[in-house]
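One structure below.
In the text below, chain A, chain B and the rest are named by the order of the sequence lines, each starting its count at 1. Just so you know, these numbers use all the heavy atoms, side chains as well, and skip hydrogens, waters and symmetry mates.
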Protein chains: 2
Amino acid sequence: MAIPRAAKTQRRTRIQEEKEEQILEAALDVFSVSGFRGSTIDQIAEVAGMSKPNLLYYFRTKEAMHRALIDRVLDTWLEPLRAFDADGNPESEIRSYIRRKLEMARDFPRESRLFANEMLQGAPHVEDELKGPLKELVDEKADVIRSWAKAGKIAKCDPYHLIFSIWSTTQHYADFDVQVRAVLGQEHAGPGRFEDAARFLEQLFIDGLKVKSVPNAS
Amino acid sequence: MAIPRAAKTQRRTRIQEEKEEQILEAALDVFSVSGFRGSTIDQIAEVAGMSKPNLLYYFRTKEAMHRALIDRVLDTWLEPLRAFDADGNPESEIRSYIRRKLEMARDFPRESRLFANEMLQGAPHVEDELKGPLKELVDEKADVIRSWAKAGKIAKCDPYHLIFSIWSTTQHYADFDVQVRAVLGQEHAGPGRFEDAARFLEQLFIDGLKVKSVPNAS
DNA sequence: TGTAATGTTTACCAATCGGTCAAATTATCG
DNA sequence: CGATAATTTGACCGATTGGTAAACATTACA
């Protein structure tokens with residue numbers, strides 16, 4: 001008698017690990033393009049090279065697949081922000097944060113699109129994570145940025161909107177990849193576009209956040 | 001005998017205009033949230049308050065609805081960029097471009113999400129528009145920005161990535177609205193968030209694009 | 001007013017959807 | 001090996017999908 005998801009043995013089989021990995025990989029392919037509603041189990045099954053009932057042996061529902069995917073990807077996705085160091089040099093911290101986010105857009109575009117799809121649909125599956133852990137993390141880092149501004153290390157600015165703008169500019173290269181490539185044209189849409197973007201964004205944010213010398217200040 | 005879409009009379013009836021408007025309005029509601037694949041004619045029909053066959057009397061297929069919607073919205077969406085004036089003052093041109101894009105994110109979030117959805121899915125329905133009219137428009141404005149930089153009116157920068165960064169930062173407030181609200185929390189997620197964003201972005205882009213005084217230059 | 005064109009609805013279709021089931025196959029291990 | 005548990009599959013289910021046909025209702029206009 002087959003009991004789904006290894007209820008008996010507790011420990012996960014080698015096959016289980018492999019197949020679940022294989023399924024989530026395919027699910028990422030599909031969900032990241034079509035979103036939850038627009039994706040079908042059959043599509044995922046075909047990409048995974050498995051039969052539909054076989055997928056449903058490892059994940060009981062389409063929602064369970066999506067859920068597992070989100071859970072697995074969420075941590076990775078927030079890692080760069082966690083690395084944001086209060087004790088570091090503001091300029092280099094911001095610079096390397098932009099770099100890392102841009103690298104993620106380049107190396108994990110599907111993960112970026114998965115979240116983008118989720119956001120567009122009103123985050124029906126992750127709203128709790130947004131209001132909980134994400135908000136707390138951003139609040140913490142916003143404090144860091146605010147303290148930098150207070151110490152005169154960077155210009156005074158709204159730390160939340162600074163974080164938003166770094167998120168949006170970097171993720172843009174994953175989420176709107178088609179548009180970026182179309183506009184840049186064949187000559188400039190090569191792999192070098194990420195380097196160009198990095199140079200521009202670093203310049204923009206570093207210079208844009210430099211403390212303004214106020215003539216009439218002491 | 002009913003012939004869809006007024007093939008006989010050539011001229012469009014009052015009813016046709018009203019109903020087509022009504023349908024596209026509902027279609028925008030639905031498509032902008034769930035994307036093309038994730039949306040159903042039944043959903044649109046329900047939102048429009050009409051029966052499904054009645055929708056299909058005005059638009060022969062789901063694709064036709066989506067197509068009509070995209071066509072209608074595309075022009076509006078690019079209007080702010082068209083208004084970008086080569087003869088104007090760079091600082092105020094960029095400032096007002098950001099303002100206008102931010103106002104559109106506030107006032108037409110569905111239109112923004114419609115395009116975002118389309119981009120995420122690889123632009124299967126608008127790739128031609130991207131590579132044609134959009135690229136030409138951006139090329140033209142990029143030239144303007146480049147000439148400003150050459151004239152020493154703004155810092156030297158990649159004009160394409162500048163445009164991308166303005167697009168992404170402003171549209172973020174429409175496309176990722178849920179996330180923005182969740183992170184800002186109840187206190188700061190009110191209507192004022194657009195003003196806060198405008199202030200921050202103007203500061204960022206204006207200061208970030210100021211010409212750097214190079215000490216060792218003549 | 002009459003009538004032809006336009007607009008709307010009910011009933012329906014084949015295809016696809018998420019998901020189940022039982023039978024068949026394969027892996028594990030004493 | 002044998003047997004038991006784990007895995008895989010084909011056949012199938014009711015609901016939903018995009019779309020059609022034809023009867024019915026309404027409008028426009030001579």
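- A salt bridge links A:R99 with A:E195: at least one charged nitrogen is closer than 4.0 Å to a carboxylate oxygen.
- Remark: A:R193 does not engage B:D158 in a salt bridge, criterion side-chain N to carboxylate O under 4.0 Å.
- Here A:K19 does not pair with A:E25 in a salt bridge; the nearest charged N to carboxylate O distance is not below 4.0 Å.
- Of the two residues near DNA chain C, B:K52 and A:R37, the one whose nearest nucleotide lies more 5' is B:K52.
- Taking atom CD1 of residue B:I44 and atom C1' of nucleotide D:dG19, one finds them 14 Å apart after rounding to whole Å.
- The separation between A:Q43 atom CD and C:dG19 atom P is 14 Å, rounded to whole Å.
- For A:Y57 and D:dT7, the shortest distance from a side-chain N or O to OP1 or OP2 is below 4.0 Å.
- One interatomic measurement links the two molecules: CE of A:M50 to C1' of D:dA6, which rounds to 13 Å at whole-angstrom precision.
- Spacing between atom CG of B:L55 and atom C1' of C:dG7 amounts to 13 Å, rounded to whole angstrom units.
- Regarding contacts with the backbone of D:dA6, every side-chain N or O of A:Q16 stays at 4.0 angstrom or more from both OP1 and OP2.
- For the residue pair A:Y160 / A:D139, a side-chain donor-acceptor distance below 3.5 Å is found, with atom types taken as modelled.
- When distances are taken from the side chain of A:P53 to each of D:dT7, D:dA11, C:dT8, the shortest belongs to D:dA11.
- In the set D:dT9, D:dG19, C:dT9, C:dT9 carries the atom at the smallest distance from any side-chain atom of B:N54.
- Between A:E129 and A:R67 there is a salt bridge, since at least one side-chain N of the basic residue sits less than 4.0 Å from a carboxylate O of the acidic one.
- At the heavy-atom level, B:T40 lies under 4.0 Å from the strands shown only through sugar-phosphate atoms.
- To the nearest angstrom, C1' of D:dG19 lies 6 Å from CG of B:L56.
- Per the geometry, CD1 belonging to B:I41 stands 14 Å off C1' belonging to C:dT16, to the nearest Å.
- Toward the 5′ end of DNA chain D lies the nearest nucleotide of A:K19, the other residue of the pair A:K19 and B:S39 mapping further downstream.
- Per the geometry, NZ belonging to B:K62 stands 14 Å off P belonging to D:dT20, to the nearest Å.
- Taking every side-chain heavy atom of A:D42 into account, C:dC17 is the closest of D:dG19, C:dG19, C:dC17.
- If you take CZ of B:R60 and P of D:dA21, they are 13 Å apart, rounded to a whole angstrom.
- At the phosphate of C:dT8, OP1 or OP2 sits under 4.0 Å from a side-chain N or O atom of B:Y58.
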